[in-house]
Student: 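Attaching a single structure in structure tokens format; questions to follow.
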Amino acid sequence: NEYAKDIFHNNLLNSKSHINYLSKVRKFNSDTINFFELGSSSNYNTIQNKLLNKFELKDLILSGLFNKNKISKIFFMNRIMVPIVNLQNKTLGFGGRVIDESLPKYINTSETKVFKKKQILFNEKVLNKHSTDKLLLVEGYFDVIKLYQHGFKNCVAPLGTAINHEKLIELTKKGFEVIVCLDGDLAGRNATIRLMNNLLSSENFELGVKFVLLPRNYDPDQLLDSNLQDQLNKLIDSPLNIEQLIEKYLEKYNSSNNVDERFKASKILKNLLNTIANKDLKKILTDFFHSHYFNNNKTKISQSNSKKNQI
């Protein structure tokens, strides 16, 4: 994989379309491209021959660089290549992105003995530096790269769409405050709520994970390109803790004067509190919401019913 990384990186100079995409569409400067050693798998037949001249086919298959089928060919064809390295700065695999409309848009190295997607974060080598205890988790590696270019050095991303909540809990045990900053579209919102539920259902969760809710339909990359870095800074500097996120989640029900909607919110909250696996955390959050939410909600429902009776 180290040898392949160098080939892909050097090959970037041979792909005008990939260089244009990185520099003009993504707006990455040359320092950023070189820091992350971004590459290209255009001219993939040439790259394939170089790899076959250097290594045995079985080893290329085991590394994830070649397909496992009968006609074994290079796995990544005509894609922008993003090396995925571990804490020791060793290349474990790659992410590959097309720049046209073909699907899938993103692919990663297949699972191997050393490449376990759930256990790896993109740019996790920053965990060694400890320049700050805050760690920003975003959706994709291009978000990480753009944020790095704008001064956000402690950024990581999961590989694939699913976030391993146990990995985040592990980071909090090591002293990191993990700030989750997913996209502001519907998929990002749903992923945030799903992650919140997974964290609460783990006995190992003891807080330490906070959340940023981006403006609707924005991702970090778009905010930076829209000259809204100050807004992004403010959001990251004031992340939501778990109870604030729950309150935000229930806002859509509580903003209504409809009794049915408020009842639905109370039911959702009760179910959520019942799923908390850590007993101490369950007591703390249950007490918090009983004093700050349920009593307040009962008052509002009573007032709403009173107004109905007046009518």
Side-chain angles (χ1 to χ4, degrees), residues 1 4-52 60-61 63-69 71-85 91-111 115 117 120 122-123 138-150 155 157-162 182-188 190-191 214 217-226:
N1 278 323
K5 177 186 70 176
D6 292 339
I7 290 179
F8 292 137
H9 185 53
N10 292 331
N11 188 55
L12 183 60
L13 296 173
N14 299 321
S15 177
K16 186 177 180 181
S17 61
H18 284 174
I19 288 176
N20 283 343
Y21 178 82
L22 291 172
S23 61
K24 294 180 180 177
V25 178
R26 288 293 179 169
K27 300 178 183 177
F28 297 154
N29 60 40
S30 58
D31 288 342
T32 299
I33 290 170
N34 288 327
F35 179 82
F36 286 96
E37 298 181 277
L38 303 180
S40 169
S41 60
S42 63
N43 309 313
Y44 52 85
N45 283 324
T46 302
I47 294 171
Q48 182 172 279
N49 290 334
K50 284 183 179 179
L51 291 169
L52 285 169
L60 291 168
I61 293 171
S63 72
L65 285 166
F66 274 52
N67 290 314
K68 295 178 181 178
N69 52 33
I71 309 172
S72 292
K73 292 183 178 180
I74 191 167
F75 182 60
F76 298 96
M77 295 184 180
N78 202 30
R79 291 176 178 268
I80 289 174
M81 301 299 294
V82 183
I84 297 163
V85 303
T91 305
L92 302 180
F94 298 91
R97 190 202 195 281
V98 295
I99 63 171
D100 56 22
E101 298 302 314
S102 58
L103 296 173
K105 185 184 292 185
Y106 292 95
I107 58 173
N108 290 312
T109 297
S110 301
E111 295 272 319
F115 190 78
K117 283 193 287 189
I120 305 167
F122 175 66
N123 200 37
V138 291
E139 280 196 28
Y141 28 73
F142 282 132
D143 289 322
V144 171
I145 294 167
K146 178 59 75 67
L147 284 160
Y148 174 89
Q149 184 168 286
H150 283 261
C155 293
L159 304 181
T161 54
L182 305 185
D183 294 353
D185 58 7
L186 181 61
N190 288 339
L214 293 180
N217 295 325
Y218 275 92
D219 60 29
D221 196 348
Q222 291 168 324
L223 282 173
L224 294 171
D225 283 344
S226 303

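Everything numeric here is computed off the predicted structure, so don't read it as measured data.
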Student: In the structure I gave you, are the side-chain heavy atoms of Lys27 and Asp221 within less than 4.5 Å of one another anywhere?
Tutor: no
Student: May I ask you to decide if Lys73's main-chain N or O and Gln48's side chain share a donor-acceptor pair within less than 3.5 Å?
Tutor: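 Flag not set: sc Gln48 to bb Lys73 has no pair under 3.5 Å.
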Student: Any side-chain heavy atom of Leu147 within less than 4.5 Å of one from Val144?
Tutor: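 Leu147 vs Val144: side chains apart.
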Student: Going through the checks in order, is the side-chain hydrogen bond (donor to acceptor under 3.5 Å, both in side chains) test met by Asn20 and Ser17?
Tutor: CA-CA 5 Å; Asn20 283 343; Ser17 61; over 6 Å; no
Student: Do Ile74 and Ile47 make a side-chain contact, defined as non-hydrogen atoms from C-beta onward lying under 4.5 Å apart?
Tutor: yes
Student: Taking side chain to side chain contact (heavy atoms under 4.5 Å, CB included) as the test, write out the residues that go with Asn49, two or more places apart.
Tutor: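 With sequence neighbours excluded, Asn49 shows a side chain to side chain contact (heavy atoms under 4.5 Å, CB included) to no residue whatsoever.
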Student: Does some side-chain heavy atom of Ile145 sit less than 4.5 Å from a side-chain heavy atom of Leu38?
Tutor: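 Side chain of Leu38 against side chain of Ile145, heavy atoms only: contact under 4.5 Å found.
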Student: For Asp225, check side-chain hydrogen bond (donor to acceptor under 3.5 Å, both in side chains) against everything at least two apart and list the hits.
Tutor: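 Residues passing side-chain hydrogen bond (donor to acceptor under 3.5 Å, both in side chains) with Asp225: Lys146.
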Student: Write out all pairs satisfying salt bridge (Lys or Arg N to Asp or Glu O under 4.0 Å) with one or both partners inside residues 91-101, taking only residues at least two apart or from two chains.
Tutor: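 Passing the test, one end in residues 91-101: no pairs.
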Student: Report the distance from atom CG of Leu92 to atom OG1 of Thr109, rounding to the nearest 0.5 Å.
Tutor: 9.0 Å
Student: For Asn11, which residues count as a side-chain hydrogen bond (donor to acceptor under 3.5 Å, both in side chains) partner, sequence neighbours excluded?
Tutor: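 So Asn11 forms a side-chain hydrogen bond (donor to acceptor under 3.5 Å, both in side chains) with Asn14, Ser42, Asn43.
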Student: Quick check for you: to the nearest 0.5 Å, what is the distance between Asn123 atom CG and Ile84 atom CD1?
Tutor: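 Spacing of CG (Asn123) from CD1 (Ile84) equals 11.0 Å.
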Student: Answer yes or no: is there a side-chain heavy-atom contact under 4.5 Å between Phe122 and Leu159?
Tutor: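 Yes, side chains in contact.
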Student: Restricting to pairs with a member in residues 33-52, which pass salt bridge (Lys or Arg N to Asp or Glu O under 4.0 Å), not counting sequence neighbours?
Tutor: Lys5-Glu37
Student: Check the pair Phe115 / Ile120 against side chain to side chain contact (heavy atoms under 4.5 Å, CB included), numbers first and verdict last.
Tutor: CA-CA 8 Å; Phe115 190 78; Ile120 305 167; 3.8 Å; yes
Student: Applying side chain to side chain contact (heavy atoms under 4.5 Å, CB included), can you list everything that pairs with Asn217, at least two apart in sequence or on another chain?
Tutor: Asp185
Student: Would you check if Leu12 and Leu22 make a side-chain contact, meaning some heavy-atom pair closer than 4.5 Å?
Tutor: yes
Student: Please list, chain by chain and in numerical order, all residues satisfying ring pair (Phe, Tyr, Trp, His ring centres under 6.0 Å) with Tyr106, sequence neighbours excluded.
Tutor: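 Result, ring pair (Phe, Tyr, Trp, His ring centres under 6.0 Å) vs Tyr106: Tyr141.
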Student: Are the side chains of Lys117 and Asn108 in touch, meaning some heavy atoms are under 4.5 Å apart?
Tutor: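 Touching, per the 4.5 Å side-chain cut-off.
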Student: With sequence neighbours left out, what residues match Ser110 under side chain to side chain contact (heavy atoms under 4.5 Å, CB included)?
Tutor: Phe75
Student: Shortest non-hydrogen contact from Asn1 to Ser63?
Tutor: ND2-O, 3.9 Å
Student: For a 4.5 angstrom cut-off between non-hydrogen side-chain atoms, does Asn78 reach Val98?
Tutor: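 Answer no - side chains too far apart.
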Student: Nearest 0.5 Å, what's the CZ-CG distance between Phe76 and Asn67?
Tutor: 9.5 Å
Student: Could you list the residues that satisfy salt bridge (Lys or Arg N to Asp or Glu O under 4.0 Å) with Asp183, not counting sequence neighbours?
Tutor: none
Student: Looking at every heavy atom in both Thr91 and Pro83, which two are closest together, and how far apart are they?
Tutor: CG2-CB, 4.3 Å
Student: Name all pairs fulfilling the salt bridge (Lys or Arg N to Asp or Glu O under 4.0 Å) condition that reach into residues 8-24, sequence neighbours left out, sorted by first residue then second.
Tutor: none
Student: Using the test ring pair (Phe, Tyr, Trp, His ring centres under 6.0 Å), find all partners of Phe66 that sit at least two apart in sequence or belong to another chain.
Tutor: none
Student: Does anything in residues 5-33 form a ring pair (Phe, Tyr, Trp, His ring centres under 6.0 Å)? List the pairs, not counting sequence neighbours.
Tutor: Phe8-Phe94, Phe28-Phe142
Student: Can you tell me how far the CE atom of Met77 sits from the CD1 atom of Ile107, to the nearest 0.5 Å?
Tutor: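 The distance works out to 9.5 Å.
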